[in-house]
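Presented below is the structure to which this report refers.
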Amino acid sequence: MTIADQINDLLKTQKRRQADLARALGVRANTVSEWCKGRHDVSASYYPKIAEFFGVSLDYLITGKEPRGAPAAPVQQIIGNNNSNNTAIAGGVGDGVSALDLELLKVVSGFDIRAKTEVLHFAYQIEKQIKSGGGF
């Protein structure tokens, strides 16, 4: 799957517009249209911003798959961009959430997508260690 295929697929599945992506990247709408039609290649310098726009990892954007051992679902369920509040789609959010949980969310919400992904990955490592009996 090419980057153009990924962009087209993400635009469709997230019900987003080429014009919105162009605005987020600071390029003309025609440029994104040309990428989507496969007439021009997307410069790799845009990959991080495109991944952030769609709320996916660079690995997912480039390969269509998360790296082995990475928690794919939670990261892919983060929707938003710099022009809106990010929203996590998950069942039961808000039920039994402690003040500490809310504080963690408050702090992390100010991070960019790359930092959020790193925090999430680290949290999964801690969880794995605790579940294996290693403590923390």
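Within the model, atoms CG of Asn8 and SG of Cys36 stand 4.0 Å from one another, a figure rounded to the nearest 0.5 Å. Note that CD1 of Ile7 is 11.0 Å distant from CG of Asp9, once rounded to the nearest 0.5 Å. Within the model, atoms CZ of Phe53 and CG of Leu25 stand 7.5 Å from one another, a figure rounded to the nearest 0.5 Å.
Ala115 pairs by the side chain to side chain contact (heavy atoms under 4.5 Å, CB included) definition with Phe111, Asp112, not counting sequence neighbours. In this structure Lys12 satisfies the salt bridge (Lys or Arg N to Asp or Glu O under 4.0 Å) test with no other residue, sequence neighbours excluded. With sequence neighbours excluded, no residue forms a salt bridge (Lys or Arg N to Asp or Glu O under 4.0 Å) with Glu118. Under the rule for a side-chain hydrogen bond (donor to acceptor under 3.5 Å, both in side chains), Asn30 has no partner lying at least two apart in sequence or in another chain. Here Thr63 pairs with nothing under the side-chain hydrogen bond (donor to acceptor under 3.5 Å, both in side chains) rule; sequence neighbours left out. The salt bridge (Lys or Arg N to Asp or Glu O under 4.0 Å) search around Arg17 returns Asp20, not counting sequence neighbours. Listed by chain and residue number, Met1, Thr2 satisfy the side chain to side chain contact (heavy atoms under 4.5 Å, CB included) test with Asp5 (two or more places apart in sequence, or in another chain). Residues satisfying the side-chain hydrogen bond (donor to acceptor under 3.5 Å, both in side chains) criterion with Ser45, sequence neighbours excluded, are Ser43.
Minimum interatomic distance between Val42 and Ile50 (heavy atoms only, all atoms of both residues): CG1-CD1, 3.7 Å. Contact detail for Pro48 and Arg114: the closest heavy-atom pair is CB-NH2, 3.9 Å. Minimum heavy-atom separation, Leu61 to Leu10: CD1-CD1, 4.1 Å. Taking all atoms of both residues into account, the shortest heavy-atom contact from Val108 to Lys116 is O-CE, 3.4 Å. Of all heavy-atom pairs spanning Ile113 and Gly55, the tightest one is CD1-CA, 4.2 Å.
Criterion: ILVMFWY side-chain heavy atoms under 4.5 Å apart, direct or through other members. Under it, Val107 and Val119 are part of a common hydrophobic cluster. Hydrophobic clustering (side-chain heavy atoms under 4.5 Å, transitive across Ile, Leu, Val, Met, Phe, Trp, Tyr) keeps Ile130 apart from Leu104.
Judged as a ring-ring contact (aromatic ring centres under 6.0 Å, His included), the pairs with a partner in residues 6-42 (not counting sequence neighbours) are, in order, Trp35-Tyr46. Legend: salt bridge (charged side-chain N to carboxylate O under 4.0 Å, His left out) pairs involving residues 28-42, not counting sequence neighbours, sorted by first then second residue: Glu34-Arg39.
In this structure, Ser33 contributes its side chain and Ala29 its backbone to no donor-acceptor pair below 3.5 Å.
Taking 4.5 Å as the limit, every side-chain heavy atom of Arg16 sits out of range of all side-chain heavy atoms of Leu21.
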